[in-house]
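Beneath this line is the structure, given in structure tokens, with notes to follow.
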There are 2 protein chains.
Amino acid sequence: MASYTEILLRAALKKHGFRLTPQRETILNIFQTLPKGKHLSAEDLYELVQRQGEVISLATIYRTVKLMSQMGILRELELAEGHKHYEINQLSPPHHHLVCVRCHQTIEFVNDLVLEVGQKQANSASYDLLDCQLTIHAICPEALQEGWPSSLSEDWQCPRSGLTGDSHH
Amino acid sequence: MASYTEILLRAALKKHGFRLTPQRETILNIFQTLPKGKHLSAEDLYELVQRQGEVISLATIYRTVKLMSQMGILRELELAEGHKHYEINQLSPPHHHLVCVRCHQTIEFVNDLVLEVGQKQANSASYDLLDCQLTIHAICPEALQEGWPSSLSEDWQCPRSGLTGDSHH
DNA sequence: TTCATTGCAAAGACTTTGCACTTGC
DNA sequence: GCAAGTGCAAAGTCTTTGCAATGAA
């Protein structure tokens, strides 16, 4: 599963009776040109579309990422920000996430074992694997040192913030 | 990490300056007496509390499961139902989930490799591991056969429904 | 007594949906 | 042409929060 050209996307959609619309093309394009490891929320995507001069309604954004996730084109990530994030589903190799429950900073990593486990598990139940995500919840050293979770103040700024690909507000 | 008695819970809370309240005890109790592998949404928990004659406000339910998850007492699961589920965090061994994106039926499984990977990853970043979850998104044989996702009707009932521990409405 | 915790109700964040219009095929 | 797709605005669902009252230590 390399990269979805318009042709491939059309084929994938057609296979299920869906249509290729400019909106769907635009959205797929954005995900394809996204820096590796970056993931977007619906809102992020909405803004990115606007920034390149087009407009797609939020409703369509939601409908599209949902559809594409269900088709296996996108991965739906549930990190710790309270809303979903999406990225291109590159099955080779998918990366996983280590998330600090305190500051939400996310470290991505790759591990082939995980996919093997997932594939094996899906196969053994005769399921068709779409995606496979290992999410590790942990506390980062900075938060630990700060004595977390005794101080629940939501305003503490982890010095780690801004270092990695954390794309929420 | 065997089972939280009142004593242990108090100690864990005290360590962070939190208090032991009847509500917190009740909630922990419910999770402890829950059948293995069963997980609850906030709403589920709210109803279970009522069914045993007590009343805890939804706000407190939410605050409590959040706190306990952040303390590592509960695991916060993000499956495919659009809301979070919680269960006791038994680090030995944590189980993982294979979820059908179509019918939301969930198969649980245990795999030691996953925890090893998680632990190793957390350690290498000097994080303190709280939880480690592998979530596999896939399509169940029944849905595949039904031609999913070409038929997006939300009313299709997977014959698999009701077989396993799927606790949403 | 003191400060964490609770309950209530209101607010918030995110997502979905009904409907009329548009458009791919 | 017709069913699928879109945009809009309204409605939902789940979750959080302000505040006064309560209660654990």
Side-chain angles (χ1 to χ4, degrees), chain A residues 6-7 9-11 13-28 40-47 49-50 54-71 76-86 104 149-155 168-169, chain B residues 6-7 9-11 13-28 40-47 49-50 54-71 76-86 149-155 167-169:
Chain A
E6 186 207 305
I7 305 294
L9 176 60
R10 171 176 273 116
L13 289 168
K14 194 170 201 169
K15 191 172 75 176
H16 298 293
F18 300 131
R19 293 175 183 173
L20 180 61
T21 64
Q23 290 88 340
R24 289 175 179 168
E25 241 182 302
T26 295
I27 290 174
L28 182 60
L40 304 176
S41 66
E43 198 71 40
D44 293 337
L45 184 51
Y46 180 70
E47 286 165 16
V49 168
Q50 292 198 316
E54 301 176 55
V55 176
I56 301 180
S57 73
L58 252 183
T60 295
I61 299 275
Y62 277 108
R63 284 189 278 235
T64 303
V65 292
K66 187 177 186 183
L67 178 66
M68 288 185 174
S69 297
Q70 293 183 325
M71 292 178 64
E76 188 174 81
L77 308 177
E78 308 258 19
L79 304 177
E81 291 104 7
H83 52 253
K84 292 169 185 164
H85 278 204
Y86 298 86
H104 296 171
S150 54
S151 56
L152 280 179
S153 61
E154 292 297 325
D155 48 322
H168 75 292
H169 4 285
Chain B
E6 186 207 305
I7 306 292
L9 176 59
R10 171 176 275 116
L13 289 168
K14 194 170 201 170
K15 192 173 74 179
H16 298 295
F18 300 131
R19 293 176 182 171
L20 180 61
T21 64
Q23 290 87 341
R24 289 176 180 168
E25 242 182 299
T26 296
I27 290 174
L28 182 60
L40 305 176
S41 66
E43 197 71 41
D44 293 336
L45 184 51
Y46 180 71
E47 286 166 17
V49 169
Q50 292 199 317
E54 300 174 58
V55 176
I56 300 179
S57 73
L58 251 183
T60 297
I61 298 276
Y62 276 107
R63 284 189 277 235
T64 304
V65 293
K66 187 177 186 181
L67 178 66
M68 289 186 173
S69 297
Q70 292 182 326
M71 293 178 64
E76 189 175 82
L77 309 177
E78 308 259 17
L79 304 177
E81 291 103 7
H83 52 252
K84 292 168 184 163
H85 278 202
Y86 299 86
S150 52
S151 57
L152 279 179
S153 61
E154 291 297 325
D155 50 321
S167 57
H168 74 291
H169 0 288

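Labels below follow one simple rule: chain letters A, B, ... track the order of the sequence lines, proteins then strands, and each chain is numbered from 1.
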Nearest whole angstrom, please: distance from the [atom2] of [N] to the [atom1] of [X].
X: Leu13(B); N: dA25(D); atom1: CG; atom2: C1'; answer: 13 Å
X: Ile61(B); N: dT16(D); atom1: CD1; atom2: P; answer: 13 Å
X: Tyr86(B); N: dC14(D); atom1: OH; atom2: P; answer: 13 Å
X: Tyr62(B); N: dT13(D); atom1: OH; atom2: P; answer: 12 Å
X: Arg24(B); N: dG23(D); atom1: CZ; atom2: P; answer: 15 Å
X: Met68(A); N: dG5(D); atom1: CE; atom2: P; answer: 11 Å
X: Tyr46(B); N: dT13(D); atom1: OH; atom2: P; answer: 16 Å
X: Leu58(A); N: dT17(C); atom1: CG; atom2: P; answer: 15 Å

Would you list the protein and nucleotides 8-12 of chain C atom pairs, both N or O, that sit under 3.5 Å from each other?
none

### Task
Would you tell me if any nitrogen or oxygen in the side chain of Gln23(B) comes within less than 4.0 Å of OP1 or OP2 on dG23(D)?
no
### Query
His83(A) side chain N/O closer than 4.0 Å to the phosphate oxygens (OP1, OP2) of dC14(C)?
yes
Spacing of [atom1] belonging to [X] relative to [atom2] belonging to [Y], to within rounding of 0.5 Å:
X: Leu13(A); Y: Thr21(A); atom1: CG; atom2: OG1; value: 8.0 Å
X: Leu77(B); Y: His83(B); atom1: CG; atom2: NE2; value: 10.5 Å
X: Leu67(A); Y: Ile27(A); atom1: CG; atom2: CD1; value: 10.0 Å

### Message
Which residue is it: Ile61(A), Thr60(A), Val49(A)? I am looking for the one with a side chain to side chain contact (heavy atoms under 4.5 Å, CB included) to Gln23(A).
### Response
Thr60(A)
### Closest non-hydrogen atom pair between Arg24(B) and Met68(B), with its separation
O-CE, 3.5 Å
### Query
Would you say the side chain of Val65(B) lies within less than 4.5 Å of the side chain of Glu76(B), judging by non-hydrogen atoms?
no
### Message
Within the structure provided, determine whether Tyr86(A) and Leu45(A) are in side-chain contact (heavy-atom separation under 4.5 Å).
### Response
no
### Task
Could you tell me, to 10°, how much the axis swings from one end of the helix from dT1(C)-dA25(D) to dC25(C)-dG1(D) to the other, five pairs per end?
50°
Between the protein and nucleotides 20-25 of chain C, which nitrogen or oxygen pairs are less than 3.5 angstrom apart?
unit_1  : atom_1 : unit_2   : atom_2 : d
dG24(C) : O3'    : Leu20(A) : O      : 3.4
dG24(C) : N2     : Arg19(A) : NH1    : 3.4
dG24(C) : N2     : Arg19(A) : NH2    : 3.0
dG24(C) : N3     : Arg19(A) : NH1    : 3.3
dC25(C) : OP1    : Leu20(A) : N      : 3.0
dC25(C) : OP2    : Arg10(A) : NH2    : 3.3

### Summary
Sorted by chain and residue number, the side-chain hydrogen bond (donor to acceptor under 3.5 Å, both in side chains) partners of Glu54(A) (sequence neighbours excluded) come out as Thr26(A), Gln52(A)
### Query
Mind checking what makes side-chain hydrogen bond (donor to acceptor under 3.5 Å, both in side chains) contact with Thr64(A), not counting sequence neighbours?
none
### Task
Name all residues meeting the side chain to side chain contact (heavy atoms under 4.5 Å, CB included) criterion together with Tyr62(A); count only those two or more places apart in sequence or in a different chain, and write none if there are none.
Ala42(A), Leu58(A)
### Message
Using a heavy-atom cut-off of 4.0 Å across all strands, would you classify Ile56(B) as base, sugar-phosphate, or nothing?
### Response
sugar-phosphate
